[in-house]
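Below, chains carry the letters A, B, ... as their sequence lines are ordered, and counting in each starts from 1. All values below were derived from every heavy atom in this structure, side-chain atoms included, with hydrogens, water molecules and symmetry-related copies excluded.
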Protein chains: 2
Amino acid sequence: MEKKLPTIKEIARRLNISASTVSRALHDHPSIGLRTKMAVKKLAAELNYEPNQTAIFFKQRKTFTIGLVLPNLREEFFSAAINGIEDVALDHNYIVLIGQSHDDLAREQKLIESMKNHRVDGIIASISSSTTHIEHFEQMKNYDIPVVFFDRVPDAKDIHSVSCNLYDSSVEAVEWLIKKGHKRIGYLQGPPTLNMKNERLDGYMEAHKKHKLAVDESLIVSTDLTVDGTKKALDALLQLKKRPTAILSFNDYVTLDAIHYARQKKLTINKDICFVSYANVPVTQYVEYPPLASVEQFPYDQGVSATELLFRLIEKKTAGQEAPYENIVLKSELIIR
Amino acid sequence: MEKKLPTIKEIARRLNISASTVSRALHDHPSIGLRTKMAVKKLAAELNYEPNQTAIFFKQRKTFTIGLVLPNLREEFFSAAINGIEDVALDHNYIVLIGQSHDDLAREQKLIESMKNHRVDGIIASISSSTTHIEHFEQMKNYDIPVVFFDRVPDAKDIHSVSCNLYDSSVEAVEWLIKKGHKRIGYLQGPPTLNMKNERLDGYMEAHKKHKLAVDESLIVSTDLTVDGTKKALDALLQLKKRPTAILSFNDYVTLDAIHYARQKKLTINKDICFVSYANVPVTQYVEYPPLASVEQFPYDQGVSATELLFRLIEKKTAGQEAPYENIVLKSELIIR
DNA sequence: AAAATGTGGGCAATCGTTTGCGGAAAATAC
DNA sequence: GTATTTTCCGCAAACGATTGCCCACATTTT
């Protein structure tokens with residue numbers, strides 16, 4: 001049942017002209033007479049001719065495909081980012097190859113490899129939490145495949161990136177807590193690989209400094225983003241002689257887990273302890289005890305911005321131009337419930 | 001800065017042999033002597049040769065890419081399904097092109113068109129809520145691109161599909177409510193396009209019949225899945241003289257919206273009214289008032305099953321065989337909290 | 001009438017890889 | 001020493017579309 005799709009050759013054969021004439025006719029090339037042009041277009045329409053994209057991809061060395069590698073799709077942050085990415089891609093008549101690393105470096109590498117083989121025109125990535133090096137991304141330079149990082153951006157130079165300014169809003173968040181009377185504020189941070197450029201922590205420090213509060217190192221703990229990791233980290237905070245009364249937490253998902261656990265421990269949320277977080281994912285609207293405030297990171301806008309940057313890079317590449325490294329920083333916003 | 005990647009021709013030139021020999025050597029073709037084979041492989045390794053996939057795609061008429069079209073990625077149901085799809089695809093050395101229809105028919109059509117142009121080897125789809133016909137999917141037959149529907153399956157014959165048996169668990173869910181003493185049970189259903197094969201309603205009816213309860217048609221309302229649509233539908237139920245004491249609801253997201261709204265209306269959840277739902281998405285763990293029970297639809301398994309089916313179809317296609325239409329039905333399970 | 005210009009379209013190469021067929025050299029059989 | 005079989009490899013076509021170059025004919029210019 002191998003249906004044969006019509007090709008340029010087929011049209012040429014039927015019309016007794018050459019394939020090149022057909023190609024040019026379909027592209028409205030000026031050197032083709034009106035009569036033949038019409039004849040070609042008519043037959044093409046009749047046969048329902050459509051160019052074989054794989055042939056074109058091959059010839060043009062472009063696939064009109066971008067690769068997207070991110071930790072997971074479960075988090076609403078990432079699925080919102082995809083919306084932005086997909087919208088821009090579709091506008092450019094591009095389509096998106098997707099892969100989830102599930103925070104596993106090996107899988108991330110495999111995905112990058114696979115996307116390279118598929119000759120994507122560019123890659124957008126948010127690195128996994130176990131990504132300790134970015135060789136696999138840097139390799140893409142050898143293949144002339146531009147890479148744009150977003151949100152989870154590795155701490156390296158000579159990369160393109162789009163991210164949110166979390167420093168300012170971290171200062172703001174902690175100041176807000178201080179003004180509400182909190183003096184011992186814990187910081188529940190993410191895994192070390194995601195903290196290389198630790199704007200959250202820097203903001204946390206700065207706010208303490210501004211208000212002449214000493215920082216107690218024991219108030220700073222880490223989670224590997226798993227439920228268990230978060231429990232352990234929270235335990236460490238709760239076992240302190242002087243417990244924190246508020247916690248700044250890596251993101252809303254960690255916070256939900258932390259709150260869940262704190263309640264199991266018979267703590268009263270917003271009385272014994274309260275939380276401020278990052279991401280401001282919509283799902284927190286439905287929960288019983290959401291974080292008191294959360295830093296909106298505009299995932300859709302980040303996605304749009306990253307994709308637009310990528311397309312600029314692709315254009316420059318096509319034109320054979322060199323592009324300077326761009327690191328775009330969007331603003332974030334503390335949303336108080 | 002156009003780096004030239006090494007090709008088979010390049011290797012052939014350097015070794016003073018023909019390109020065909022290089023190709024065969026790299027594929028361990030038996031008719032190539034050990035000596036030349038080693039030499040080729042050695043040089044290939046040195047040059048860091050990697051086959052140009054676009055050329056292979058073109059030649060083999062395969063792209064090792066599957067297209068995935070679904071309503072959105074926001075719902076954890078779909079993002080979980082993707083995990084299954086991606087895992088199976090990766091095992092087969094395939095990669096996934098993704099597109100969200102956002103429940104818009106035109107966009108769904110555009111995505112299908114785009115995927116066809118990219119010559120995907122097959123398509124997995126969950127239709128949008130505004131999909132009133134499936135011509136765009138049926139067209140794929142002309143291009144020998146198999147299509148497998150999952151979860152949201154159109155009510156048509158001559159299609160491949162994977163879905164959950166919601167009938168049995170709907171009966172079970174409603175019976176469970178009846179046994180808890182509920183006599184007036186509302187049914188908040190989805191938009192008509194998604195109800196063509198209405199297993200939920202059939203189950204609802206059957207349970208009533210089994211327990212000799214009359215069905216009041218006014219207890220059956222529809223939402224278009226938007227927050228507003230859900231509010232209106234719920235209003236219709238709450239305005240009845242004899243309100244329902246329990247509601248069977250299309251899915252967890254609708255349910256969360258409904259519960260949210262019911263609370264605004266000063267109803268006490270699980271006392272004035274309670275909810276049973278579908279999907280059993282993990283996020284309900286965190287919410288204040290989750291549905292009392294929810295039908296687990298095993299999105300990961302559906303994804304796996306759909307992808308495996310698709311690969312069987314792709315194999316048959318490659319072998320030139322005809323494949324019978326398969327409609328796989330997985331079981332679902334009522335999860336009581 | 002010869003030359004310059006313009007018009008319409010074909011030839012052949014190209015992209016990188018695969019594959020059917022054929023053929024020379026080497027090994028074996030008689 | 002000739003005939004037959006193996007072993008090993010090259011030739012060339014093919015996939016479908018694009019494009020630089022050339023050419024034949026018609027039209028206009030001197």
Side-chain angles (χ1 to χ4, degrees), chain A residues 2-41 43-44 47-64 116-119 121 143-144 318, chain B residues 2-41 43-44 47-65 93 116-119 121 143-144 317-318 320:
Chain A
E2 280 293 305
K3 289 155 199 124
K4 279 240 298 262
L5 298 176
T7 69
I8 275 198
K9 289 182 184 174
E10 173 68 11
I11 296 179
R13 200 183 53 74
R14 295 206 193 197
L15 257 39
N16 255 321
I17 57 181
S18 78
S20 39
T21 303
V22 175
S23 173
R24 284 192 251 258
L26 292 173
H27 287 84
D28 288 317
H29 191 284
S31 87
I32 300 297
L34 189 58
R35 209 194 328 277
T36 38
K37 190 156 88 179
M38 297 304 263
V40 167
K41 291 202 174 182
L43 184 58
L47 294 182
N48 226 306
Y49 166 78
E50 294 172 52
N52 182 335
Q53 295 288 351
T54 61
I56 298 177
F57 295 163
F58 170 46
K59 184 106 214 290
Q60 319 267 289
R61 295 160 149 50
K62 284 187 81 176
T63 57
F64 299 97
K116 182 207 68 194
N117 287 340
H118 277 257
R119 293 287 206 269
D121 293 342
Y143 301 94
D144 255 349
T318 308
Chain B
E2 281 293 305
K3 288 154 200 127
K4 278 241 298 264
L5 299 176
T7 68
I8 276 196
K9 289 182 184 174
E10 173 67 11
I11 297 179
R13 200 182 54 72
R14 296 207 191 195
L15 256 39
N16 255 319
I17 56 180
S18 77
S20 39
T21 302
V22 175
S23 172
R24 284 193 250 256
L26 292 173
H27 287 85
D28 287 319
H29 192 284
S31 86
I32 300 298
L34 189 59
R35 212 198 321 280
T36 38
K37 190 156 86 180
M38 296 305 263
V40 167
K41 291 202 173 183
L43 183 59
L47 294 182
N48 226 307
Y49 166 79
E50 294 172 52
N52 182 335
Q53 294 289 351
T54 61
I56 297 177
F57 295 163
F58 170 46
K59 185 99 214 290
Q60 317 268 284
R61 295 158 149 45
K62 285 186 80 175
T63 56
F64 299 97
T65 304
N93 263 307
K116 182 206 68 192
N117 286 340
H118 277 258
R119 293 287 205 270
D121 293 342
Y143 301 94
D144 255 349
K317 179 185 79 175
T318 307

Exercise for the section: Could you tell me whether R119(A) and D144(A) have a side-chain N and a carboxylate O separated by less than 4.0 Å? Expected result: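 No, R119(A) and D144(A) are not salt-bridged.
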Practice task
For D121(B) and K62(B), indicate whether the former's side chain and the latter's backbone hold a donor-acceptor pair under 3.5 Å.
Solution key: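 Checked: no pair found.
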Practice task
Using heavy atoms to find the nearest nucleotide of DNA chain D for I56(A) and S31(B) separately, return the residue whose nucleotide is more 5′.
Solution key: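 Closest to the 5' end, via its nearest nucleotide, is S31(B).
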Handout entry: R35(B) or T7(A), whichever maps to the more 5' nucleotide of DNA chain D
Key =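 Residue closer to the 5' terminus by nearest nucleotide: R35(B).
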Counting side-chain heavy atoms from C-beta on, which of [options] comes nearest to [X]?
X      : options                   : answer
S20(B) : dG8(C), dA12(D), dA17(D)  : dA12(D)
K9(B)  : dC15(C), dC15(D), dT18(D) : dC15(C)
F58(A) : dG16(C), dC11(D), dT18(D) : dG16(C)
R24(A) : dG16(D), dT17(C), dG20(D) : dG20(D)
A55(B) : dA17(D), dG16(C), dT18(C) : dG16(C)

Can you measure [X] atom [atom1] to [N] atom [atom2] for me and round it to whole angstrom units?
X       : N       : atom1 : atom2 : value
I32(A)  : dG6(C)  : CD1   : C1'   : 15 Å
M38(A)  : dG9(C)  : CE    : P     : 14 Å
Q60(B)  : dT17(C) : CD    : C1'   : 8 Å
R119(A) : dC15(C) : CZ    : P     : 14 Å
R61(A)  : dT18(D) : CZ    : P     : 15 Å
N117(A) : dG16(C) : CG    : P     : 16 Å
R13(A)  : dG16(D) : CZ    : C1'   : 15 Å
L15(B)  : dC8(D)  : CG    : P     : 17 Å

Practice task
Identify whether any heavy atom of T36(B) sits under 4.0 Å from a base atom; if not, whether one sits that close to sugar-phosphate; answer base, sugar-phosphate or nothing.
Solution key: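 Sugar-phosphate, no base atom in range.
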Practice task
Using a 4.0 Å heavy-atom cut-off across all strands, classify F57(B) as base, sugar-phosphate, or nothing.
Solution key: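 If one applies the 4.0 Å heavy-atom cut-off, F57(B) turns out to touch nothing in the nucleic acid.
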Exercise for the section: Check whether any side-chain nitrogen or oxygen of S23(B) sits under 4.0 Å from OP1 or OP2 of dT17(C), and answer yes or no. Expected result: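 No, because none of the side-chain N or O atoms of S23(B) sits under 4.0 Å from OP1 or OP2 of dT17(C).
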Problem - V40(B) and L26(B), any side-chain heavy atoms less than 4.5 Å apart - result: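 The answer is yes; the side chains approach within 4.5 Å.
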Let me have the donor-acceptor pairs involving side chains of residues 5-14 of chain A, under 3.5 Å, with sequence neighbours excluded, atom names and distances please.
{"unit_1": "T7(A)", "atom_1": "OG1", "unit_2": "K9(A)", "atom_2": "N", "d": "3.2"}
{"unit_1": "T7(A)", "atom_1": "OG1", "unit_2": "E10(A)", "atom_2": "N", "d": "3.2"}
{"unit_1": "E10(A)", "atom_1": "OE2", "unit_2": "R13(A)", "atom_2": "NH2", "d": "3.1"}
{"unit_1": "E10(A)", "atom_1": "OE2", "unit_2": "R14(A)", "atom_2": "NE", "d": "2.9"}
{"unit_1": "E10(A)", "atom_1": "OE2", "unit_2": "R14(A)", "atom_2": "NH2", "d": "3.2"}

Problem - Set of residues satisfying ring pair (Phe, Tyr, Trp, His ring centres under 6.0 Å) with respect to F64(A), sequence neighbours excluded - result: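 For F64(A) the ring pair (Phe, Tyr, Trp, His ring centres under 6.0 Å) partners, ignoring immediate neighbours, are Y94(A).
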